[in-house]
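Please read these numbers as outputs of a predicted model, since none were measured by experiment.
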Amino acid sequence: MSERKSVWLTDDRPRYGALADRVTADVVVVGAGITGLTAALLLQRRGREVVVVEANQVGSGTTGGTTGKVTSQHSLIYTRLVRQHGSEVARAYAMANQEAIDLVEDLVASTSTDCGFTRASAFVYAVDEDDLPALAEEHEAASGLGLPSRLSVPNVPFHVAGALEFSDQAYFHPVRYCDALAREFTRIGGRLFEGTRIRHLSEDRDRVEVANGAGSVSASASIIATLLPFVNRGGFFARTRPSRSYGVAALLRSAPPTGMYISAGAPVRSFRPWPEGGETGIIFVGEGHPTGDKSATPGRWGELERWARENFDVKSFEYRWSAQDYVTVDGIPFVGRSPLTRHTYVATGFRKWGLTNGTAAARILSDLILEKESPYADVFSPSRLGGATAVGRTIRDNLKVGWFLVGDFVDRFSSAPLADLGPGEGGLVEVSDKIVAAYRHPSGEVTMLSPTCTHLFCTVHWNDAEDTWDCPCHGSRFRIDGSVINGPATEPLRRVEINPDHS
């Protein structure tokens, strides 16, 4: 039975203390994933005094749940970018991500980290011939933008009709890389605090302050690198949609294909070598769905493993995990100074390609704070509207959120009685004429919470795959005890004290 843990979070790792005092800095970075740590190191190296605060542990969020691909090939994106935004915008996105690969390689070298950084080709493959025209069109768009694209047929153990190949891309161990960035950042004077969930941000004319219940950081500028900004200024929760995907790490009976792969058609299947597992290690990713979807079940991993067994000679599955990311309505991340703020910078909406998009974002943000010209700042600007198509999609997405808000509230009144909840099960139930989010532990003990998300009051759904409470509106996630896993919520679900024996 595979362990339900990210393949990247298995090492014994350094820990950093929590923020417990009031401190000052030139820049405060909230979030110690690849975006926050890269920006912090770049700024610290340029003489800025930087403080990083992280709610959990370095690299333990979405960075610790990625496939570990460092590539500018983001499935079939460039045809759409050229069509919707024009060649100049598409070229800026392409070059920002292509340059991010080289920046990662430079930082690997300068921090002397052993994170398995390996150059390899990245393929989008087509199983059906019907998908070949889309590959040809993507090749034309990508090569026209200056990307290392060519059409090819990869050597994989199942039939493919063809593929689009980007040469000289890379993969690595993302958490060991983040640990190296953190180590170098603190070595040169940066300060890093873990176990510090920031709940408040305030600005005045000259300063910005972030705080939790135990301490605060006052700085000239802040970077919010928390997957989705926890502050509602800029309305990013309304301009992005949350999505989850699943991963498994396996051992094969023979060596895996070299290179990195993702399918052109649905269902999306992505795989690449896993050198840390030995000569036969491989990682599979797929089964994406909107956060809070009621089909979030262990069967998602089961489908991924079934496909892997059908197409590879699998010896064993070692790890299972999942990750979350946000998608902007026009496909380009929001990176830059947040609207309606003076000193707050954000990076979000990486569309599951955060290792390059996050690295590119860090470079853009550090350039802006250093008052250097960035060739990509306008294209990634959080203030953009994104055109008529993006505006229309924003309206549709928020109508869907409104449906969740109203429909799920109505559905509360058809909740089952608590007695129907079996050991190890969670769901909305009725207890003493109240609707609660309840989980019955294997011991029989029941934990009861308010079913209302603390962000903007949507109703949370039980995630049977991961034993969490997930909000379908904006992607906040909570543990069984109500504590926050993912924002934009910053406050836990409220505990409900009802004696179920008297219900």
Side-chain angles (χ1 to χ4, degrees), residues 69-104 121-126 131-152 162-170 239-241 260 262-265 268 325-337 346-365 367-368 372-394:
K69 296 180 179 180
V70 189
T71 173
S72 60
Q73 187 188 77
H74 297 172
S75 190
L76 302 180
I77 189 175
Y78 294 106
T79 302
R80 181 163 63 87
L81 289 180
V82 170
R83 185 179 297 130
Q84 292 184 0
H85 305 289
S87 295
E88 291 307 308
V89 168
R91 184 173 291 106
Y93 180 94
M95 291 301 103
N97 280 276
Q98 187 66 23
E99 290 172 10
I101 304 170
D102 295 333
L103 177 56
V104 169
S121 288
F123 299 85
V124 182
Y125 66 88
D131 290 323
L132 291 179
L135 294 186
E137 190 175 13
E138 181 74 1
H139 166 60
E140 183 178 357
S143 59
L145 298 173
L147 291 168
S149 170
R150 72 185 184 99
L151 295 173
S152 66
L164 174 67
E165 177 184 357
F166 278 25
S167 62
D168 208 26
Q169 309 296 291
R239 297 197 285 155
T240 59
R241 293 301 300 147
M260 302 167 283
I262 188 169
S263 60
V268 174
D325 206 351
Y326 286 79
V327 181
T328 66
V329 291
D330 65 357
I332 301 173
F334 293 127
V335 180
R337 187 165 63 85
V346 298
T348 189
F350 295 151
R351 207 176 64 93
K352 301 182 183 180
W353 298 101
L355 296 183
T356 49
N357 265 322
T359 301
R363 173 173 270 166
I364 292 168
L365 295 177
D367 284 346
L368 292 173
K372 293 175 57 181
E373 184 176 352
S374 169
Y376 310 122
D378 288 344
V379 168
F380 287 79
S381 171
S383 299
R384 73 182 189 275
L385 293 177
T389 300
V391 172
R393 183 174 171 186
T394 300

| task | Quick one: pull up NE2 in H74 and CZ in F350 and give me the separation to the nearest 0.5 Å. | result | 11.0 Å
| query | Minimum heavy-atom separation for H139 to S149, with atom names? | reply | ND1-OG, 2.8 Å
| Atom pair CZ (R384) and CG (D330), whose distance is rounded to the nearest 0.5 Å | 4.0 Å
| field | Qualifying residue, where the test is side-chain contact (heavy atoms from CB on, under 4.5 Å) with V379 and the options are V89, I364, L81 | value | V89
| message | Quick check: do T356 and I101 have side-chain heavy atoms less than 4.5 Å from each other? | response | yes
| task | Can you see which heavy atom on L145 is nearest to which on S87, and at what distance? | result | CD2-O, 3.6 Å
| note | Note: P382 and F334 closest approach over all heavy atoms is CA-CD2, 3.7 Å
| Stepwise side chain to side chain contact (heavy atoms under 4.5 Å, CB included) test for M95 and L147 | CA-CA 8 Å; M95 291 301 103; L147 291 168; 3.9 Å; yes
| Mind checking whether Q98 and P148 have side chains closer than 4.5 Å, heavy atoms only? | yes
| field | Check: E138 side chain, T79 main-chain N or O, donor-acceptor pair, under 3.5 Å | value | yes
| Rounded distance [0.5 Å steps], CD in E137 versus CD in E140 | 7.5 Å
| E99 side chain vs N97 backbone, donor-acceptor pair below 3.5 Å | no
| Over 12 foreign heavy atoms within 6.0 Å of CG, D168 | yes
| query | Roughly how far, to the nearest 0.5 Å, is OG of S143 from CZ of F166? | reply | 8.5 Å
| request: Please name the pair of heavy atoms, one in A100 and one in A360, separated by the smallest distance, quoted to 0.1 Å. | output: CB-N, 4.0 Å
| query | Between Y125 and D131, is any side-chain donor less than 3.5 angstrom from a side-chain acceptor? | reply | no
| said: Looking only at side-chain N and O atoms, does Y93 offer a donor or acceptor that is under 3.5 Å from a partner on H85? | reply: no
| said: Rounded to the nearest 0.5 Å, what separates atom CZ in R337 from atom CG in L368? | reply: 9.5 Å
| message | Could you check whether any side-chain N or O of Q73 sits under 3.5 Å from a backbone N or O of S121, counting only pairs where one atom can act as donor and the other as acceptor? | response | no
| request: With the side chain counted from C-beta on, respond yes when Q169 and S72 share a heavy-atom pair under 4.5 Å apart, and no when they do not. | output: yes
| Closest contact, heavy atoms only, L103 versus R363 | CD1-NH2, 3.7 Å
| request: Specify the closest pair of heavy atoms between G349 and T328, including all atoms of both residues, with the distance to one decimal. | output: CA-CG2, 3.8 Å
| query | Do side-chain atoms of T359 reach the backbone of L355 as a donor and acceptor pair under 3.5 angstrom? | reply | yes
| query | Does the side chain of F380 come within less than 4.5 Å of N357's, by heavy atoms? | reply | yes
| request: State, yes or no, whether a side-chain contact exists between L151 and L164 at a heavy-atom distance under 4.5 Å. | output: yes
| Atom CZ of F123 and atom OG of S167: how far apart are they, to the nearest 0.5 Å? | 9.5 Å
| field | Heavy-atom side-chain contact between T71 and W353 under 4.5 Å | value | yes
